[in-house]
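Every heavy atom of this structure was used, including side-chain atoms; hydrogens, water molecules and symmetry mates were not.
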Amino acid sequence: TYGQVLGIPGFPSLSNEGTILSITSKEGLTLHAVSYSLLWHQNTIKMDGGWSLEIIDPLNPCTGSTNWSSSVDVNGGTPGKQNSINASNADIAPPQLIRTFSPDSQTIIAIFDEPLDSTTAASVTKYSLQNENILSAEPIPPLFNQVRLTLSTPLEIGTIYTFTVTAVTDCSGNTIGGFNTAKAGILEEAAPTDLVINEILFNPKPNSYDYVELYNRSNKILDASKLYIANRNASGTISSSKKWAEMSYAVFPGEYIVLTEDRLSLEKEYLVKYPENVLHLSSLPSFPDDEGTVVITNVQGTVLDEVRYNKNWHFALISDAEGVALEKVDPNSPSQNKDNWHSAASTVGYGTPTYKNSQYGQPVINASTITLSSKTFSPDNDGLDDLLSIHFNMPQSGFVANVTIFNARGIPVRYLVKNGTMGLKGSWTWDGLDDSNNKLPVGPYIISTELFNLQGHKLQYKNAVVLAARL
């Protein structure tokens with residue numbers, strides 16, 4: 001039925017989550033290798049099983065996920081015949097340096113987003129590390145997307161170096177553009193409070209997943225492969241520990257790292273500014289919607305940080321917290337203080353995975369500002385002042401906004417924001433339409449912004465703007 005088939009005793013195990021699959025010659029040379037992932041399906045139904053991953057263009061074998069996708073054959077796969085998604089898919093993108101890590105003081109492992117041509121990658125002239133001398137460069141088989149560099153002198157603990165790559169090519173001949181740089185340095189062990197829990201989504205939307213964001217508040221370069229996320233069971237014992245990463249992964253000072261079960265779902269639901277700082281775990285510990293515990297430990301089981309969260313920590317005026325992350329206000333303040341947590345602002349989509357929290361700041365009352373991007377705007381689609389931006393800058397978390405636009409006679413024409421939760425900084429936009437999406441006449445308008453919080457603080461602002469020519 002399937003044409004030429006070779007049965008192999010003791011066929012290697014192919015993990016559902018992903019692994020490296022390679023074909024080698026009897027001399028040990030790598031003929032082809034691929035590090036597949038469950039996420040390559042990009043289809044949650046096909047992720048559940050029964051569908052093969054197929055290469056799109058077999059004449060372009062070196063590219064990773066961009067050249068693979070789920071089979072569309074009704075049988076779920078095409079063993080012994082041309083792939084159902086077979087098409088031309090030329091590789092025209094140059095390789096990119098993603099990150100580095102140092103397993104010891106005289107070695108740097110540089111990681112790229114695709115396999116490199118092993119000849120150019122083996123040239124030490126392609127790499128530089130500030131004033132350090134690089135003795136050798138060795139592309140690592142079978143994928144050749146990593147290069148091991150040996151240094152003449154040891155790196156210094158606590159120093160962050162700038163590593164640069166130029167002129168290496170991928171196996172399709174595309175040359176890396178300009179100077180690619182990444183941070184480098186010696187990995188250190190994490191101590192308590194070096195790394196803190198900074199954001200938690202424990203009540204995701206349907207068909208979405210929990211995530212936990214961590215922040216490296218220390219001056220150390222931490223190794224994610226020596227860190228674990230866990231919870232506590234009914235008896236209070238740490239349980240369900242999950243390792244962050246199997247391979248060393250450097251977490252530099254000031255970086256945010258997000259742990260989740262589905263990177264694609266995260267990117268669909270929220271703005272992920274730094275997707276390279278998202279670690280995909282096959283499963284997370286259970287974090288119930290009502291209350292639970294998030295625990296971060298090191299290899300020895302020492303607790304680095306811990307939060308016993310409760311759904312009541314969310315902002316009281318949020319009627320449905322589904323899909324709303326809890327953000328830490330001050331990462332340098334205690335994690336267990338409920339007053340140091342607040343719901344992520346609606347202006348950022350209720351979550352800020354991989355970057356600074358919308359509620360970041362110090363809890364003090366101070367002057368706030370509401371400003372307009374321009375005193376005049378003209379929604380005529382000429383690319384100049386087509387939209388009016390209303391910017392806010394708040395010194396404290398927890399404010400709610402109502403923004404109403406009035407015409408020159410004092411009649412409300414647009415309820416732009418109704419009970420919108422605010423971060424410390426953000427903006428809203430007005431397109432010059434009323435609540436029924438009808439065009440409003442040119443002329444002056446007043447933007448009334450009313451702010452309040454649950455502590456009884458109320459603020460009100462009025463800004464004038466002129467709606468000028470329109471289509």
* Using 4.0 Å as the upper bound for N to carboxylate O, is an ion pair formed by D431 and R414? -> yes
* **Ionic contact status for E276 with R99, cut-off 4.0 Å** => no
* To do: Could you pull out all residues at least two apart from F377 that satisfy ring pair (Phe, Tyr, Trp, His ring centres under 6.0 Å)?
  => W430
Just so I know, are the side chains of [X] and [Y] near enough to count as touching, which here means a heavy-atom distance under 4.5 Å?
| X | Y | result |
| --- | --- | --- |
| W244 | I257 | yes |
| F144 | F112 | no |
| S15 | L38 | no |
| L187 | S248 | yes |
| S71 | I85 | no |
| F452 | N402 | yes |
| D91 | E114 | yes |
| S335 | E306 | no |

Would you say [atom1] of [X] has more than 12 non-hydrogen atoms from neighbouring residues, nucleotides or ligands within 6.0 angstrom?
| X | atom1 | answer |
| --- | --- | --- |
| K375 | NZ | no |
| I92 | CD1 | no |
| K242 | NZ | yes |
| L14 | CG | yes |
| K226 | NZ | no |
| N219 | CG | no |

* To do: With side-chain contact (heavy atoms from CB on, under 4.5 Å) as the test, would you mind laying out the steps for I197 and L214 before giving the verdict?
  => CA-CA 5 Å; I197 300 162; L214 296 308; 3.8 Å; yes
* side-chain contact (heavy atoms from CB on, under 4.5 Å) between V168 and V147: does it pass, once the steps are laid out? -> CA-CA 11 Å; V168 297; V147 180; over 6 Å; no
* For a side chain to side chain contact (heavy atoms under 4.5 Å, CB included) with P285, tell me which candidate from V294, D210, V212, N231 qualifies. => N231
* Asked: side chain to side chain contact (heavy atoms under 4.5 Å, CB included) with Y228: which of V299, N298, I296?
  -> V299
Of the non-hydrogen atoms in [X] and [Y], which two are nearest, and what is the gap between them?
| X | Y | result |
| --- | --- | --- |
| T347 | S427 | CG2-O, 4.3 Å |
| S102 | L155 | OG-CD1, 3.6 Å |
| Q130 | I160 | OE1-O, 4.0 Å |
| T354 | V258 | N-CG2, 3.4 Å |
| R263 | P275 | NE-O, 4.2 Å |
| A224 | L279 | CB-CD1, 4.0 Å |

Quick check for you: to the nearest 0.5 Å, what is the distance between [X] atom [atom1] and [Y] atom [atom2]?
| X | Y | atom1 | atom2 | result |
| --- | --- | --- | --- | --- |
| S265 | K205 | OG | NZ | 10.0 Å |
| Y256 | N357 | OH | CG | 6.5 Å |
| I370 | T449 | CD1 | OG1 | 5.0 Å |
| I221 | I157 | CD1 | CD1 | 10.0 Å |
| L372 | S389 | CG | OG | 9.0 Å |
| D320 | N203 | CG | CG | 7.5 Å |

Please confirm whether the backbone N or O of [Y] pairs with a side-chain atom of [X], one donor and one acceptor, at under 3.5 Å?
| X | Y | value |
| --- | --- | --- |
| S358 | A345 | yes |
| N180 | Q96 | no |
| S448 | T404 | no |
| R217 | T193 | yes |
| D223 | Y249 | yes |
| Y350 | A321 | no |
| S37 | L39 | yes |
| S378 | A468 | no |

Without hydrogens or angle criteria, can the side chains of [X] and [Y] be said to hold a donor-acceptor pair below 3.5 Å?
| X | Y | value |
| --- | --- | --- |
| S208 | E269 | yes |
| N43 | S70 | no |
| H391 | T371 | no |
| E213 | N198 | yes |
| T237 | S239 | no |
| N89 | N60 | no |

* To do: Could you check K273, Q359, E327 and say which one makes a side chain to side chain donor-acceptor pair (under 3.5 Å) with T352?
  => E327
* Verdict with supporting geometry, N207 and T44, side-chain contact (heavy atoms from CB on, under 4.5 Å) -> CA-CA 9 Å; N207 301 317; T44 54; over 6 Å; no
* **Partner of F202 under ring pair (Phe, Tyr, Trp, His ring centres under 6.0 Å), chosen from Y211, Y209, Y309** => Y309
* Test log, rule side-chain contact (heavy atoms from CB on, under 4.5 Å), inputs L388 and I447 -> CA-CA 11 Å; L388 177 71; I447 299 172; 3.3 Å; yes
* Partners passing salt bridge (Lys or Arg N to Asp or Glu O under 4.0 Å) against K183 (at least two apart in sequence or in another chain) -> E255
